[in-house]
Amino acid sequence: MTQRVYNFSPGPAVLPEPVLAEVQRDLMALPGVGASILEISHRSSTFENIIQQAESNLRQLLSIPDDYAVLMLQGGGRLQFSMIPMNLVGEGRRTCDYIVTGSWSKYAAQEAPKFGETRIVWDGKSNNYNRLPEPSELRLDPKAAYVYYASNETIQGVQFASEPQVGNVPLVCDASSDFLSRPVDVRKYGIYYACAQKNAGPAGLTLLVIRKDLLQRSRESLPGYLNFQIHAEAQSLWNTAPTFPIYVFMLVTKWLITDIGGLDKMEALNRSKAKLLYDVIDQSNGYYTGHAKPDCRSMMNVSFRLPSDELTNKFVQGAEERGMTDLRGHRSVGGIRASIYNAMPVEGVEELRDFMIEFRNQNAK
Ligand SMILES: *Cc1c(COP(=O)(O)O)cnc(C)c1O
């Protein structure tokens with residue numbers, strides 16, 4: 001088999017090896033079925049079992065109460081930037097409040113005005129999105145249709161430690177890049193959603209956990225596919241569901257439950273992995289500078305700079321030679337971004353830590 005690298009891609013991203021091995025083993029024929037997951041009907045009892053198992057694994061991991069529906073949709077994170085305002089603004093046409101903490105919440109806030117009056121209640125732009133708002137900085141509308149935020153900004157590497165306080169207004173969270181990386185209390189949310197390809201599976205699947213009373217806001221005039229209520233009633237099988245991504249998601253959630261031991265354990269692992277890198281940054285005498293302020297550093301995307309672009313290029317190249325790929329930061333932030341999602345093994349992070357120390361020793365003046 002070809003040697004696997006340590007893949008620090010921001011997404012689609014590294015998957016757990018036991019999951020890939022199981023997919024490979026059963027790809028020609030699912031046990032007892034004799035056909036591939038790629039070949040069977042989304043209405044077959046085999047697939048029904050798979051989608052039900054995927055949902056029950058997710059419900060177990062996040063302790064999702066019965067008054068929340070789980071939807072498995074296509075269109076990625078981006079489609080939710082439109083689908084959420086389309087469905088939640090409702091007949092009352094109330095305003096929607098957006099907390100803009102980085103690129104992804106900014107893109108979401110750019111889509112919302114097509115469907116309802118949109119207020120940017122906080123924008124971290126003046127600090128180049130390196131910090132998060134204090135509770136006192138948020139001027140929320142108590143009558144808003146919802147408050148929207150992103151729990152982890154994948155590009156800037158800033159992550160909320162806990163939910164913003166929004167009173168009785170439904171809270172909507174884009175958790176695409178920290179989904180299932182730590183426990184969350186779903187009851188604090190109106191909608192908690194994520195595209196799968198960062199932390200939960202391959203591209204082509206979006207998971208949405210929605211409080212059932214909010215489904216009543218979806219107007220009948222909405223296009224069918226874009227109506228949350230239709231998907232909820234059909235249990236995500238209104239049309240052909242993305243069968244393969246749902247199958248892999250089922251295996252990833254099974255891995256989280258049985259191999260990892262749940263989200264408390266996952267969080268502890270993620271914390272220790274991130275600390276390995278932030279410690280090097282903090283002990284580098286300013287050679288490495290982290291993008292995020294220390295109190296809002298992401299456990300998933302570690303974003304930092306070197307003293308020059310030339311050194312950044314040399315770093316990326318040297319890392320690649322040692323089997324560590326996709327470390328270049330997003331062009332809007334520059335520098336290096338190490339995405340260390342759930343499935344990144346601690347050995348990969350240790351290898352990067354060792355390389356960072358060695359690189360500084362060799363290149364600092
Ligand atoms: C990657 C990402 C998205 C975009 O998802 P697509 O599936 O590409 O549409 C949205 N939000 C966050 C936080 C992301 O990291």
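For ligands, and for the atoms within them, numbers begin at 1 and follow the listed sequence. Everything quoted here is computed from the prediction, not taken from an experiment.
The residues lining ligand 1, counting any heavy atom closer than 4.0 Å, are Gly76, Gly77, Arg78, Phe81, Trp104, Asn152, Thr154, Asp174, Ser176, Ser177, Cys195, Gln197, Lys198.
The salt bridge (charged side-chain N to carboxylate O under 4.0 Å, His left out) search around Glu39 returns none, not counting sequence neighbours. Residues passing the side-chain hydrogen bond (donor to acceptor under 3.5 Å, both in side chains) test with Asp26, sequence neighbours excluded: none.
A cation-pi geometry, defined here as NZ or CZ lying under 6.0 Å from the six-membered ring centre and within 45° of its normal, does not hold between Arg360 and Tyr288.
Ser181 and Asn199 are not linked by any side-chain donor-acceptor pair at a separation below 3.5 angstrom, with hydrogens and angles left out of the test.
Sorted by first and then second residue, the salt bridge (charged side-chain N to carboxylate O under 4.0 Å, His left out) pairs with a member in residues 156-176 read Glu163-Lys188; sequence neighbours excluded.
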Please walk me through it: do Ser298 and Glu153 pass side-chain contact (heavy atoms from CB on, under 4.5 Å)? CA-CA 8 Å; Ser298 170; Glu153 285 285 356; over 6 Å; no
